[in-house]
Amino acid sequence: MVRAGKEDPELNMLVGAPDRRVGRRSLLQVAGLLAAAGVAGYAGGTVAGWGDDDPPAAAPGRGPLTTGNRRDERLLNIYNWSDYIDDRTIPLFQAVSNLRVNYDVYSSNEDLLARMRAGPTTYDIIVPTNNFVPTYLKLDLIEPLNQDLMPNLTNLDREFVETDFDPGNRYTVPYQWGTTGIGFNSKQAGAQVDSWAAVFEPAAEMDGRVTLLREVTDLIGCALLYLGRSPNSIKDNDLADVVKLVRSIKPKLKGFTTDTYIDELAASETWLAQGWSGDVFQAQDQNQDVNYVIPKEGSLRFVDVMAVPKGAPHPGNAARFMNYVLHPKVQARISSYVSYGTPVSLAKPLLPKDQTTDPAIYPPAETKLSILTLTGQKLEKWQAAYDEIVK
Ligand code: N2P
């Protein structure tokens, strides 16, 4: 529904207006744009989508040393969710910072965590969801941020500073936030979708047209809400009921996915998708029959946060990027494109009004939304229930 409206020429100075999503297939390919624009320090090659596990070597010796890094390279390796950035922010950051950015994407917290647990990484920024932060801290997988390089931290709204998972933003900086709900095609599924029943007990006519999220927290948490249980339950009988419910509808599902449902909703291949708010709005941009609802039983709210993996090669450059992202104009550019909520209210006057007044993007206080945290026993039990469902 929303696209960036009139943008700031200052932020658009070096690139035109390519309007491509940075999805799982279409990683940023801005090399040509940058080279054409004569961006200082750009070393050639593809900016993102390495195609293998190791990022390419840094641009050799250009400009002054960058402070705060372990490796003396003008390089930044970012690992973010698919479909979670516009395609101007990275080129413009490269232009203003004289750093080269490699940008790669993943599509679930489980995938990201498994990658981080597998051993040392070359990524400098990852973007886990808040509910996984305690696990990252416990496993010693992220390191304290260089806050001295982030004067824009003061732009963050108070509620994103005084969090239970990282008070004071010592380890994490909020990127965007959103809700979990249902994306539905009003022509095919009807206009009256308002309950989790639509996806957890789908009507026979919806056979093969329903997808659920391939993500532990959303799948288990929302099924618990549908069953009228606490969305934080770790009771064995509650989790057994969730497993029973979702397993019983598996034959009717198109599948579990976190990164294909935007395209599938847009193409009217999927008619009902458990999904994240901004993703569904990105589908709606392409297909006006697509709508988003937060079901009446309540749902989940999440904050995705930028963090530096322990021992990352370029933590100084990571801090520079985080600081850039906290600029209201940059927040507005990202938010207006991805249709998720911004943690920087100063960006709101710069956003399209139809976005800031949309209760599906900025839900009113009375909407029943829980923020879940996955730790210890809960992580283990929920993961086991999830594995039992998807195996
Ligand atoms: C972006 C989805 C990010 C939200 N496509 C998941 N926390």
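Residue numbers start at 1 and run along the sequence shown. One-based numbering, in listed order, for ligands and for the atoms of each. Reckoned from all heavy atoms, side chains included, excluding hydrogens, waters and symmetry mates.
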Backbone N or O of Leu75 within a donor-acceptor pair of the Asn317 side chain at under 3.5 Å?
yes
Shortest non-hydrogen pair, Thr211 vs Glu264, comes out as CG2-OE1, 4.0 Å
Could you tell me whether the side chain of Val127 reaches within less than 4.5 Å of the side chain of Tyr106, counting heavy atoms only?
yes
Over all atoms of both residues, closest heavy-atom pair of Asn323 and Leu153
OD1-N, 4.4 Å
According to side-chain hydrogen bond (donor to acceptor under 3.5 Å, both in side chains), does anything in residues 361-372 pair up with another residue at least two apart or in another chain? List the pairs.
none
Nearest heavy-atom approach of Gln147 to Asn169 is NE2-O, 2.8 Å
Check ligand 1 against the protein and report each N/O to N/O distance under 3.5 Å, formatted as atom name, atom name, distance.
| residue | atom | partner | partner atom | Å |
| --- | --- | --- | --- | --- |
| ligand 1 | 5 (N) | Ser82 | O | 2.7 |
| ligand 1 | 5 (N) | Asp83 | O | 3.4 |
| ligand 1 | 5 (N) | Asp279 | OD1 | 2.8 |
| ligand 1 | 5 (N) | Asp279 | OD2 | 3.2 |
| ligand 1 | 7 (N) | Thr129 | OG1 | 3.3 |
| ligand 1 | 7 (N) | Asp304 | OD1 | 3.0 |
| ligand 1 | 7 (N) | Asp304 | OD2 | 2.9 |

